Amino acid sequence: MTPEQIALVRKSWAMILPISDTAAVMFYAKLFDLDPGLKTLFRSDMKEQGRKLMSALNTMVSSLGMIDDIVPAVQLLGRRHVDYGIKDKDYDTVGTVLLWMLENCLEDAFTPDVRAAWVETYTLVATTMKEAAKSAAA
Ligand code: HEM
């Protein structure tokens, strides 16, 4: 990722943080709308789950540019997701939902450059998680 892309992700994420509870509610509503079958995999309180998701995303956004520091934690997260029953294709659904949530929260601030920077960010994290999941299975 370029420094410009990192700056775009940071700036747009700063606009999501003050509304993160709402953003998380929107996120899961859309996720279960696109794939109702995923509902059964979530066994904890959804408010708590929403906070965990936003907090994990916050750590990743803060760590862009020094991503090597968090690779081991992201790999562990990917391996835990195998136990949660998450398949590779679910990462595509979550990626779509993340972009949808950002678009709806950021509105005009969600420019094509901001979108591209988020695609890079999510792809980086999701690929690291999926690869760790695969090596755990092997
Ligand atoms: C960037 C990608 C993702 C991030 C940052 C993320 C973050 C998290 C975090 C922080 C937790 C809390 C538990 C833990 O730390 O192990 C969690 C649990 C979970 N995540 Fe993810 N996740 C991601 C991708 C996905 C995907 C693609 C799915 C598929 C629907 C998913 C479904 C779940 C489920 C089912 C749980 C367990 C909930 C429970 O125990 O009730 N996550 N995730």
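If you're wondering where the values come from, they're calculated on a predicted model, not measured in any experiment. Computation of the quantities below employed the complete heavy-atom set of this structure, encompassing side-chain atoms and omitting hydrogens, waters and symmetry-equivalent molecules. Counting starts at 1 for both ligands and their atoms, in listed order. For this chain, numbers begin at 1 and follow the sequence in order.
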>> For the aromatic rings, using the six-membered ring if either is Trp, is the centroid distance between F42 and Y84 under 6.0 Å?
In response: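 Here the rings of Y84 and F42 have centres that are no less than 6.0 Å from each other.
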Quick test: of every protein heavy atom, which one is nearest to [atom], and how far off is it to 0.1 Å?
atom: atom 38 (C) of ligand 1; result: Q49 OE1, 3.5 Å
atom: atom 27 (C) of ligand 1; result: V94 CG2, 3.3 Å
atom: atom 29 (C) of ligand 1; result: I86 CD1, 3.4 Å
atom: atom 13 (C) of ligand 1; result: Y84 OH, 3.2 Å

Hey, which atoms in ligand 1 end up nearer than 4.0 Å to a heavy atom of [X]?
X: V125; result: 1 (C)
X: D90; result: 27 (C), 29 (C)
X: R43; result: 39 (C), 41 (O)

> Under a 4.5 Å cut-off applied to non-hydrogen side-chain atoms, are L77 and M60 in contact?
Replying inline: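 Yes - at least one pair of side-chain heavy atoms lies under 4.5 Å apart.
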>> Measuring only between side-chain heavy atoms, which start at C-beta, is Y28 closer than 4.5 Å to K39?
In response: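 They are not in contact (no side-chain heavy atoms under 4.5 Å apart), so the answer is no.
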So between [options], whose heavy atom ends up nearest [atom]?
atom: atom 4 (C) of ligand 1; options: L77, T121, D92; value: L77
atom: atom 2 (C) of ligand 1; options: K39, M60, M129; value: M129
atom: atom 42 (N) of ligand 1; options: K52, H81, R80; value: H81

Record the part of [X] in heavy-atom contact with ligand 1 below 4.0 Å; permitted values are side chain, backbone, both and neither.
X: L41; result: both
X: L38; result: side chain
X: A56; result: side chain

> Should the pair R51-D21 be classified as a salt bridge under the 4.0 Å nitrogen-to-oxygen rule?
Replying inline: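 Looking at R51 and D21, the cut-off is met.
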Can you tell me how far the [atom1] atom of [X] sits from the [atom2] atom of [Y], to the nearest 0.5 Å?
X: L38; Y: D33; atom1: CG; atom2: CG; result: 11.5 Å
X: S20; Y: I16; atom1: OG; atom2: CD1; result: 9.0 Å
X: F27; Y: F32; atom1: CZ; atom2: CZ; result: 9.0 Å

>> Given 3.5 Å as the limit, does a donor-acceptor pair link the side chain of R10 with the main chain of V61, or not?
In response: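 Yes: the side chain of R10 pairs with the backbone of V61.
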> Is R115 atom CZ crowded by more than 12 heavy atoms from other residues, nucleotides or ligands, each under 6.0 Å away?
Replying inline: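 No, not enclosed.
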